[in-house]
Protein chains: 2
Amino acid sequence: MTTLLIADDHPLYRDALRGALSLSLPALTLSEAGDLTSTVDILNREDIDLLLLDLHMPGSNDLFGLIHIRKLFPDVPVAVVSGTEDTQLISKIMSAGALGFIPKTASSGDIANAVQAILDGDVWLPPNLSDSVDEIDEEFSELADNVASLTPSQYKVLCFMRDGLLNKQIGYNLDIAEATVKAHVTAIFKKLGINNRTQAVLIASQLELEPPATSDH
Amino acid sequence: MTTLLIADDHPLYRDALRGALSLSLPALTLSEAGDLTSTVDILNREDIDLLLLDLHMPGSNDLFGLIHIRKLFPDVPVAVVSGTEDTQLISKIMSAGALGFIPKTASSGDIANAVQAILDGDVWLPPNLSDSVDEIDEEFSELADNVASLTPSQYKVLCFMRDGLLNKQIGYNLDIAEATVKAHVTAIFKKLGINNRTQAVLIASQLELEPPATSDH
DNA sequence: CGCCAATTACGACTATAGTCGTATGCGACC
DNA sequence: GGTCGCATACGACTATAGTCGTAATTGGCG
């Protein structure tokens, strides 16, 4: 018995996915999550054979969340479900460790095929895009590895840095001394191979696709 | 006699544009530029009725370059030519003051129509996208105005900040004292309504679409 | 248990960022 | 020609960022 986890903040789209899968692949158990925290909870509790992950979930921070989950559960295959058609972005998604990319516009047949292929251990990309996305972005892959090597504390600090907070404010939020925040910041610099906060923020903003100021709609 | 300036770093695409336009609109004079500096030079020397601008030109920094040109030559209509299909991005382009958006996949007939419409004072968008892009992004429009209000020196400093340079390094590049760089930085903060370098870098990175590390190809 | 490695934590110190006041040059406009 | 506004320029000062050394804690592992 194989178990799928559908992680998408849109309940209607979860329903649609469930419908598309139950038709072609009846021998499945399905779980659902609406944000990154509950996704991690379920992955901790249950034995999941494949995660269908929407990048724009609350708390996910887009590629950040994918890297995060890949680090916590390296054995769980992940297929990213997204509305984007940007081949560069899809290339980044694959470089960050996804085993498949399913466009939100895909037919239920394609979706079922994709899920089956990934469950069989294959990599799956939409047919019309597989040409332009075949090679993974080495540079970005290394970047994703570096970000994945951050400890939980360092990860949180980097998230706050990306929001433009001062070390003092980060310390207040995490309830630690400013000196400790600075130590984390220095450790992040070393792991990412950089030497100041500006470069760290640039890297972090590459991993978050939605500009913070603009609404998703 | 109307004069067009084609600004695109790809000579072949300049040729293609010229061909598409000379067929339908023979009464045109055409100039060409391959990077932002020569584009500005030509706009200074010649009387241009319409600029066809590719965002990914060398030195352009994408939306940064559009805002820059809109500020230097507010009376010259600009139509952006780009390969993107991202409606959010197109909305930003229009909010930054472009009068039209021409996809690189457009047919020569559509291109000629678009050019004619903008020369007539209309706004032109690809037919299939005009629904989703009709409203301009107020927030982003204000941001573009703020960036446009930067003086030339401040603009240069912001570009260097976005590249992760220290104030000292920026001063060396511009041949001014570090104290002067700091004064510019403070002025930038006030104009953009922010109070530290991290937030400035985030804003600047929103205006540059290509991640610095990745090649365009 | 005892050991080691990694993480988290902090203080003291140095470097850089950012503020404020001020001076100079330059074009617009009476 | 005066003077007003603005961009540019810089120095002195304060705040924040970033480095280094060190200690307490935790989780494997023999």
Side-chain angles (χ1 to χ4, degrees), chain A residues 40 44 67-68 71-75 145-205, chain B residues 40 44 67-68 71-75 145-205:
Chain A
V40 171
N44 270 320
I67 293 170
H68 190 205
K71 183 196 174 189
L72 290 178
F73 310 99
D75 297 332
D145 286 348
N146 288 340
V147 172
S149 77
L150 297 179
T151 69
S153 302
Q154 290 161 6
Y155 175 83
K156 289 175 201 155
V157 170
L158 181 55
C159 288
F160 281 120
M161 275 202 284
R162 184 205 45 208
D163 294 338
L165 270 65
L166 304 175
N167 286 340
K168 195 184 295 188
Q169 297 171 308
I170 297 173
Y172 180 79
N173 277 307
L174 297 179
D175 200 29
I176 55 179
E178 186 184 351
T180 308
V181 176
K182 292 177 179 177
H184 287 312
V185 169
T186 301
I188 292 169
F189 293 168
K190 284 187 179 155
K191 284 189 179 173
L192 299 185
I194 55 182
N195 50 43
N196 67 50
R197 165 177 302 245
T198 300
Q199 295 162 0
V201 168
L202 283 172
I203 288 179
S205 72
Chain B
V40 171
N44 270 320
I67 293 170
H68 190 206
K71 184 198 172 187
L72 290 178
F73 309 99
D75 296 332
D145 287 347
N146 288 341
V147 172
S149 78
L150 298 178
T151 69
S153 302
Q154 289 161 6
Y155 175 83
K156 288 175 201 154
V157 169
L158 181 55
C159 287
F160 281 121
M161 275 202 283
R162 182 206 46 208
D163 294 338
L165 270 66
L166 304 175
N167 286 338
K168 195 183 295 188
Q169 297 171 307
I170 296 173
Y172 181 79
N173 277 307
L174 298 179
D175 200 29
I176 55 180
E178 186 184 353
T180 308
V181 176
K182 291 178 180 178
H184 286 312
V185 169
T186 301
I188 292 170
F189 293 168
K190 283 186 180 156
K191 285 188 180 174
L192 299 186
I194 54 181
N195 50 43
N196 67 50
R197 167 176 300 244
T198 301
Q199 295 161 359
V201 168
L202 284 172
I203 287 178
S205 72

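Atoms considered below: every heavy atom in the structure, side chains included; atoms not considered: hydrogens, waters and symmetry mates. Below, chain A is the first sequence line, B the second, and so on; all start at residue 1.
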With sequence neighbours excluded, tell me which residues meet side-chain contact (heavy atoms from CB on, under 4.5 Å) with B:F73. B:V40, B:L43, B:N44, B:I69, B:V76
Distance check, rounded to the nearest 0.5 Å: B:I170 atom CD1 versus B:D163 atom CG? 9.0 Å
Those residues at least two apart in sequence (or on a different chain) that pass side-chain contact (heavy atoms from CB on, under 4.5 Å) with B:A204 are B:F64, B:L158, B:R162
Heavy-atom pair with the smallest gap, counting every atom of B:V157 and B:H184: CG2-CB, 3.9 Å
Per-nt protein contacts along nucleotides 6-11 of chain D (heavy atom under 4.0 Å; B base, S backbone sugar-phosphate only, - none) come out as -SSBBB
Expressed as a whole number of angstroms, how long is the span from B:Q199:CD to D:dT16:C1'? 14 Å
Would you list the pairs meeting side chain to side chain donor-acceptor pair (under 3.5 Å) in which at least one residue belongs to residues 186-201 of chain A, sequence neighbours left out? A:Q154-A:K191, A:N167-A:R197
Separation of B:C159 SG from B:L165 CG (nearest 0.5 Å): 11.5 Å
Round to the nearest Å and state the distance from A:K190 atom NZ to D:dT19 atom C1'. 8 Å
Please write out each protein N/O paired with an N/O of nucleotides 22-27 of chain C under 3.5 Å, distance rounded to 0.1 Å.
none

If you restrict it to nitrogen or oxygen atoms, what contacts under 3.5 Å exist between nucleotides 22-24 of chain D and the protein, and what is each distance?
none

Output the residues of residues 165-172 of chain B in contact with DNA chain D, where contact means a heavy atom of the residue under 4.0 Å from an atom of the strand; sort by number or write none. none
How many whole angstroms separate atom CZ of B:F160 from atom C1' of C:dA17? 18 Å
Atom-to-atom span, OH of A:Y155 to P of C:dT7 - whole angstrom: 17 Å
In this structure, OG of A:S205 is separated from CD1 of B:I203 (nearest 0.5 Å) by 12.0 Å
Could you name each residue pair satisfying salt bridge (charged side-chain N to carboxylate O under 4.0 Å, His left out) that touches residues 145-157 of chain A, not counting sequence neighbours? none
Nearest-Å distance for atom pair NZ/C1', residues B:K182 and D:dT14: 11 Å
Measure the distance from CG on B:N195 to C1' on D:dA17 and round it to the nearest whole Å. 15 Å
Under the side-chain contact (heavy atoms from CB on, under 4.5 Å) test, which residues partner B:A148, sequence neighbours left out? B:I67, B:K71
Rounded interatomic separation in angstrom, taking CG from A:N196 and P from C:dT16: 10 Å
Where at least one partner belongs to residues 169-187 of chain B, residue pairs that pass salt bridge (charged side-chain N to carboxylate O under 4.0 Å, His left out), sequence neighbours excluded: B:E178-B:K182
Spacing of B:L202 atom CG and B:I194 atom CD1 [to the nearest 0.5 Å]: 8.5 Å
Between NE2 on residue A:H68 and CG on residue A:L72, distance to nearest 0.5 Å: 4.0 Å
With sequence neighbours left out, what residues match A:D75 under side-chain contact (heavy atoms from CB on, under 4.5 Å)? none
